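Read the structure below first, then the notes.
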Amino acid sequence: MKFRSYQLLYVASLVLVVLALLDPVATFIEPDGAVSTMTNFKYTAATGEVSRSVIALGILLIFTAVVNLLGLVVSLYNNFELQKRVTILTMLLFTGYYILFLVYTLVLSSGTSMNVELPMLYPFIGLTANFFAFILLRRCEAKIVAKALGFRLRD
């Protein structure tokens with residue numbers, strides 16, 4: 001079995017999603033200096049009150065990790081059509097994550113300033129890795145088709 005570069009991109013994207021799940025993604029600083037933190041599963045207010053209203057971010061990232069793992073498993077069987085579809089679905093999930101994050105930050109940041117933490121960039125890097133994996137998938141599929149069309153039996 002030959003290891004391909006798009007499989008490495010799947011693994012990198014999967015690792016980045018897992019790392020993004022572990023750390024806080026944003027901090028909100030109120031005018032009086034109180035700090036609130038937001039992870040992918042909970043929002044901790046400056047008063048210490050914990051709200052699970054942002055759990056959809058974590059669930060979306062877990063679903064993205066599962067779909068990305070599915071793409072890695074499918075890549076072992078060289079099913080290029082299914083791989084391309086799974087990669088597109090993963091890219092759409094990453095985009096949906098950022099749209100949902102934007103909605104939550106607009107709701108939670110009333111009168112506060114927001115600092116985005118480094119783990120917020122991990123899904124974006126995973127998105128670009130999946131985009132390059134999609135390009136590499138198309139190239140690999142085109143090479144196989146070109147090789148098949150170049151070989152013809154003569155009478």
Side-chain angles (χ1 to χ4, degrees), residues 1 3-141:
M1 176 170 46
F3 184 73
R4 293 187 167 78
S5 57
Y6 58 84
Q7 292 171 333
L8 180 64
L9 290 173
Y10 281 146
V11 171
S13 178
L14 190 61
V15 167
L16 287 169
V17 167
V18 170
L19 287 176
L21 283 170
L22 300 177
D23 292 330
V25 292
T27 56
F28 298 98
I29 302 171
E30 296 178 11
D32 63 352
V35 178
S36 303
T37 59
M38 182 173 80
T39 64
N40 287 311
F41 293 103
K42 67 181 178 179
Y43 174 75
T44 307
T47 60
E49 183 179 327
V50 176
S51 172
R52 302 273 182 206
S53 61
V54 294
I55 198 165
L57 288 172
I59 291 171
L60 193 59
L61 273 183
I62 289 173
F63 187 64
T64 304
V66 168
V67 171
N68 211 353
L69 186 63
L70 174 70
L72 184 61
V73 170
V74 169
S75 70
L76 299 174
Y77 298 104
N78 291 332
N79 187 348
F80 293 111
E81 273 308 307
L82 187 57
Q83 280 178 268
K84 287 192 293 187
R85 289 177 182 157
V86 167
T87 306
I88 290 171
L89 178 62
T90 305
M91 288 190 292
L92 288 173
L93 287 171
F94 277 130
T95 306
Y97 172 79
Y98 279 110
I99 291 170
L100 192 60
F101 177 76
L102 180 66
V103 168
Y104 281 137
T105 55
L106 290 176
V107 168
L108 294 174
S109 68
S110 59
T112 63
S113 63
M114 182 182 79
N115 291 335
V116 178
E117 303 293 332
L118 183 63
M120 192 62 212
L121 292 176
Y122 295 160
F124 181 73
I125 297 169
L127 174 69
T128 55
N130 273 304
F131 177 73
F132 287 123
F134 182 76
I135 291 172
L136 290 173
L137 275 169
R138 287 181 28 205
R139 268 193 202 152
C140 189
E141 184 182 23

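Note: hydrogens, waters and symmetry copies are ignored here, and every other heavy atom, side chains too, is used. What you see is a predicted model, and the numbers here were worked out from it, not measured in a lab. The chain is numbered in sequence order, starting from 1.
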### Query
Which is it for Val54 and Met38 under the side chain to side chain contact (heavy atoms under 4.5 Å, CB included) test, yes or no, and what are the steps along the way?
CA-CA 8 Å; Val54 294; Met38 182 173 80; 3.8 Å; yes
### Query
Got a donor-acceptor contact below 3.5 angstrom from the Thr39 side chain to the Lys42 backbone?
yes
### Query
Passes side chain to side chain contact (heavy atoms under 4.5 Å, CB included), Leu118 versus Leu121? Steps please.
CA-CA 6 Å; Leu118 183 63; Leu121 292 176; 4.0 Å; yes
### Task
Verify the distance criterion only: is there a donor paired with an acceptor across the side chains of Thr87 and Tyr10 at less than 3.5 Å?
yes
### Query
Do Ser13 and Asn68 have side-chain atoms, one donor and one acceptor, less than 3.5 Å apart?
yes
#### Entry: Test item: Leu93 and Thr90 side chains (from C-beta on) under 4.5 Å apart, heavy atoms
no
### Task
Take atom CZ of Phe124 as the centre, draw a 6.0 Å sphere, and report whether it contains more than 12 heavy atoms from other residues, nucleotides or ligands.
no
### Query
Taking only residues at least two apart or on different chains, which pairs with a member in residues 86-121 satisfy ring-ring contact (aromatic ring centres under 6.0 Å, His included)?
none
Side-chain atoms of residues 27-35: list all donor-acceptor pairs with protein atoms under 3.5 Å, sequence neighbours left out, distances to 0.1 Å.
unit_1	atom_1	unit_2	atom_2	d
Thr27	OG1	Glu117	OE2	3.4
Asp32	OD1	Ala34	N	3.2

Distance-only donor-acceptor hits, side chain of residues 57-64, under 3.5 Å, sequence neighbours excluded:
unit_1	atom_1	unit_2	atom_2	d
Thr64	OG1	Leu60	O	2.7

### Query
Less than 4.5 Å apart, any side-chain heavy atom of Val25 and any of Asn40?
yes
### Query
Using 4.0 Å as the upper bound for N to carboxylate O, is an ion pair formed by Glu81 and Lys84?
yes
### Query
What is the distance from atom CE of Met114 to atom OG1 of Thr105, rounded to the nearest 0.5 Å?
5.0 Å
### Query
Do side-chain atoms of Gln7 reach the backbone of Ser75 as a donor and acceptor pair under 3.5 angstrom?
yes
#### Entry: Inter-residue atom distance Ile125.CD1 - Met120.CE, 0.5 Å rounding
11.5 Å
## Note on the structure
Rounded to the nearest 0.5 Å, the CG atom of Leu9 sits from the CG atom of Leu14 at a distance of 12.5 Å
